[in-house]
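Please read the structure below before turning to the comments.
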Protein chains: 2
Amino acid sequence: MKRATLRDIAQTLGVTVATVSRALKNYPDISATTKQTVLATAERMHYAPHPLAVKLRQKAYKVVGVVVPDIVHPFFSDVISGIIDVVEALGYHVLLSQSNESYEKEIRVTQMLLATGVDGLLVCLSNETVDVGHLRALQEYDLPVVLFDKINSGLDASTVVTNDFQGAYDAVTHLLDQGYTRVAHIKGPPHPENTRQRFAGYRAALAAYDLPFRPEYVAECHAVSHAEGAAFARQFMALPEPPDALFAVTDSVAIGAMTALREEGRRVPQDMAVIGFSDWAVCQLVEPSISSVAQPGYDIGRRASELLLREIQQLRDEQPLEHHHLVLDATIKVRQSSQRPIVG
Amino acid sequence: MKRATLRDIAQTLGVTVATVSRALKNYPDISATTKQTVLATAERMHYAPHPLAVKLRQKAYKVVGVVVPDIVHPFFSDVISGIIDVVEALGYHVLLSQSNESYEKEIRVTQMLLATGVDGLLVCLSNETVDVGHLRALQEYDLPVVLFDKINSGLDASTVVTNDFQGAYDAVTHLLDQGYTRVAHIKGPPHPENTRQRFAGYRAALAAYDLPFRPEYVAECHAVSHAEGAAFARQFMALPEPPDALFAVTDSVAIGAMTALREEGRRVPQDMAVIGFSDWAVCQLVEPSISSVAQPGYDIGRRASELLLREIQQLRDEQPLEHHHLVLDATIKVRQSSQRPIVG
DNA sequence: CACTGTTCCGAAATCGGTTACGGTACCGAT
DNA sequence: ATCGGTACCGTAACCGATTTCGGAACAGTG
């Protein structure tokens, strides 16, 4: 069954496509009788407007492009879910691409999205990306871009991020409030702003409690893996005065550290408290359950798409684009791994 | 900066759009000199063909729609990742939607995808879906549909699924090979074909080892949750002759069961072996690590999109559509939770 | 009867490309 | 000089809708 066009309806009724179009979109200049006739035959012929023809005429794709480093990641799944819920409510759709944390591929997919046609772009930069010329090029073609999570100050665009500083600060003060005094930190690679903020939050919390910053209590991940967490935990335990608490840059590192601690015969949280970051589902499932800092992924997706849709509308109204910079709070989830048992 | 059109180039050069078009698409009827001139000015004016105009003329969207019940799920993330990698290599893009396991919403999003324009659809049915009239309607509009994971025999379409029967069979025979003889099963809701196949595989494995099927060793989940796993584990332990091994319909149930076992003072795998299904990342991270049956999510995405793209091509060539039904093997991942320790 | 004003619809431009078709100019061959 | 052939380019139809403009038909008024 072929899809009926305006002309098909017009020919069967002996009128022109203009009349049919007017009838279907209840325009003023149409008689009630012909309107009814057109509507009836349109229904009968299973008419549906051709998406491309409408969009070409309207100069609107009704599509936003999304670029994330990796879809197979609970945080990004959350973000995407938030994006979809917002944009679909306004009749937009989501074109999804992943960069696989590759700068090359990020350029390629943004170019592909531009070529295939989108009204705007939501981008989380790859870890490799330092130059944002490819995104600036998109902006010059009047394509609004909103960055989230991994952002770059080199681009004049709206941004939505987690408050990594505050999340880290809250996590460490939580440990300090429990009475732990020697808090170690396994930090992430130096480059991404997120991990730098977490490190800064760690230091600020120590300073707020008048505790010294001890470099031997800080290790820097390269791969941000399970194995690295375990290795650094062993390194910390081998110190003359080992730490009594650990703030890990992300949950997988925290879990690796906990595995190593168990193998060394140390109990969590009695001998060492542990708190992670990202609040993966696994944190609630393991024993002891792991405290973590939850990132508002779904909300990041929502707010970022709201900003983008607003900019798309402003562009259509030929108003100047307003950029906003949102910083959404992280919330610490206190579980067993960081709760100091009451000492009798 | 506005995007240049063919007419812009044509006017600045004093030729017609046809000439420009031919030059850009290296058509035969064009002189080398004008071709060079056109290419140069096109470059200078940052010309890029308007996606909608091309697609309208070509009658190809270069887009496939994807509908999954829930994006925030590692299995579906894997599938989507596989889909994207395949279709992007052929110049297609992915429009993503989720049904939230709602029949109503599944209908709504498929209608939206049809209205917005796609060349084909990859669908994983929601748990609520029994009637597939909405998908059959799409097929009548010459829109190829490929089902994956959650399928329905009521639709004449290609399908790609995991071999749940074989995965379950392998999991249970693995337990039996280890010497466990009283294997329990926590099954999923009765409706989805997947969980029925897993139950069937469980029964077939018992039968192959001449073991009796004991109804008291089978429990049926409703919410398929962590909590249900724990509750059923306690129920099993309260039996006069408790089971010594457990095959859970999915990992979260297995983890819930293991938590309850630990609280009851039972050791895994010494007192009870456990194997799950889906092979979530958490299985490798916890202690003891959890054996599980891995579903080939990425491959399902790849194969399903290959089938869909082939059908799209067949439709374009006006050939009859060939439907295929692929069943991809699941692979068991043996870890600590199901390895019977060597008894000295 | 002429004039004005509605009401309703058709003609045509438009969005930005693609492509079949036709025509001009120029070549060499007869 | 005429013809056939080729190279190159313009004209225009086309994809399927939206929307402006103008005109026909008809009613009402002076």
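Chain A is the first sequence line, chain B the second, and so forth, proteins listed ahead of strands; every chain is numbered from 1.
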Discussion item. Does either side chain, that of B:Glu311 or that of B:His323, offer a donor lying less than 3.5 Å from an acceptor on the other one?
Written reply: yes
Discussion item. If I take atom CD in residue A:Gln11 and atom C1' in nucleotide D:dG16, what distance separates them, rounded to the nearest angstrom?
Written reply: 13 Å
Fill in: Sugar-phosphate only, base, or nothing, as touched by A:Ser21 at under 4.0 Å among non-hydrogen atoms
base
Fill in: Whole angstrom value for the distance that separates P of C:dG16 from NE2 of B:His50
6 Å
Item to complete: Looking at every strand, decide which applies to A:Ala60 at a 4.0 Å heavy-atom threshold: base, sugar-phosphate, or nothing.
Response: nothing
Fill in: Between P of D:dC15 and CG of A:Asp8, the distance in whole Å
10 Å
Fill in: B:Leu13 CG to D:dC9 C1', straight-line distance once rounded to whole Å
14 Å
Worksheet item: In Å, rounded to the nearest 0.5 Å, how long is the span from CD1 of A:Ile9 to CG of A:Leu39?
Response: 9.0 Å
Worksheet, complete the sentence: Tested for side chain to side chain contact (heavy atoms under 4.5 Å, CB included) against B:Leu121, the lone hit among B:Val145, B:Val66, B:Leu95 is B:Val145
Item to complete: Starting at atom CD of B:Gln58, determine the distance to atom C1' of D:dG16, rounded to an integer number of angstrom.
Response: 15 Å
Worksheet item: Taking the six-membered ring for Trp, are A:Tyr61 and B:His50 parallel (under 30°), tilted (30 to 60°) or perpendicular (over 60°)?
Response: parallel
Worksheet item: In whole angstrom, what separates A:Lys55's NZ from D:dA17's C1'?
Response: 13 Å
Worksheet, complete the sentence: In whole angstroms, the gap separating P of C:dT7 from OH of A:Tyr27 amounts to 18 Å
Fill in: Distance test, side-chain N/O of B:Lys25 to OP1/OP2 of C:dT18, below 4.0 Å
yes
Tabulated below should be each protein N or O lying under 3.5 Å from an N or O of nucleotides 9-12 of chain C; please produce it.
unit_1: C:dC9; atom_1: OP1; unit_2: A:Ser31; atom_2: OG; d: 3.4
unit_1: C:dC9; atom_1: OP1; unit_2: A:Thr34; atom_2: OG1; d: 3.2
unit_1: C:dC9; atom_1: OP2; unit_2: A:Ser31; atom_2: N; d: 3.0
unit_1: C:dC9; atom_1: OP2; unit_2: A:Thr34; atom_2: OG1; d: 3.1
unit_1: C:dC9; atom_1: N4; unit_2: A:Asp29; atom_2: OD2; d: 3.1
unit_1: C:dG10; atom_1: OP2; unit_2: A:Thr16; atom_2: N; d: 3.3
unit_1: C:dG10; atom_1: OP2; unit_2: A:Thr16; atom_2: OG1; d: 2.9
unit_1: C:dG10; atom_1: OP2; unit_2: A:Thr19; atom_2: OG1; d: 2.1
unit_1: C:dG10; atom_1: N7; unit_2: A:Arg22; atom_2: NH2; d: 2.8
unit_1: C:dG10; atom_1: O6; unit_2: A:Arg22; atom_2: NH1; d: 2.9
unit_1: C:dG10; atom_1: O6; unit_2: A:Arg22; atom_2: NH2; d: 3.3

Worksheet item: Do any side-chain nitrogens or oxygens of A:Lys59 fall under 4.0 Å of OP1 or OP2 in C:dG16?
Response: yes
Worksheet entry | Whether B:His134 and B:Tyr103 hold their rings parallel, tilted or perpendicular, with breakpoints at 30° and 60° | perpendicular
Discussion item. By the 4.0 Å heavy-atom rule, please label B:Ala48 as base, sugar-phosphate, or nothing.
Written reply: sugar-phosphate
Item to complete: Please determine if a side-chain N or O atom of B:Tyr47 lies less than 4.0 Å away from the OP1 or OP2 oxygen of C:dG17.
Response: yes
Worksheet entry | Side-chain N or O of B:Arg7 closer than 4.0 Å to phosphate OP1/OP2 of C:dC15 | yes
Worksheet entry | Beyond-backbone contact of B:Leu155 with B:Gln139, side-chain heavy atoms, under 4.5 angstrom | yes
Worksheet entry | Residue among B:Thr129, B:Asn127, B:Asn194 satisfying side chain to side chain donor-acceptor pair (under 3.5 Å) with B:Lys150 | B:Asn127
Response to the item:
Rounded to whole Å, the CG-C1' distance (A:Leu6 to D:dC14) equals 15 Å
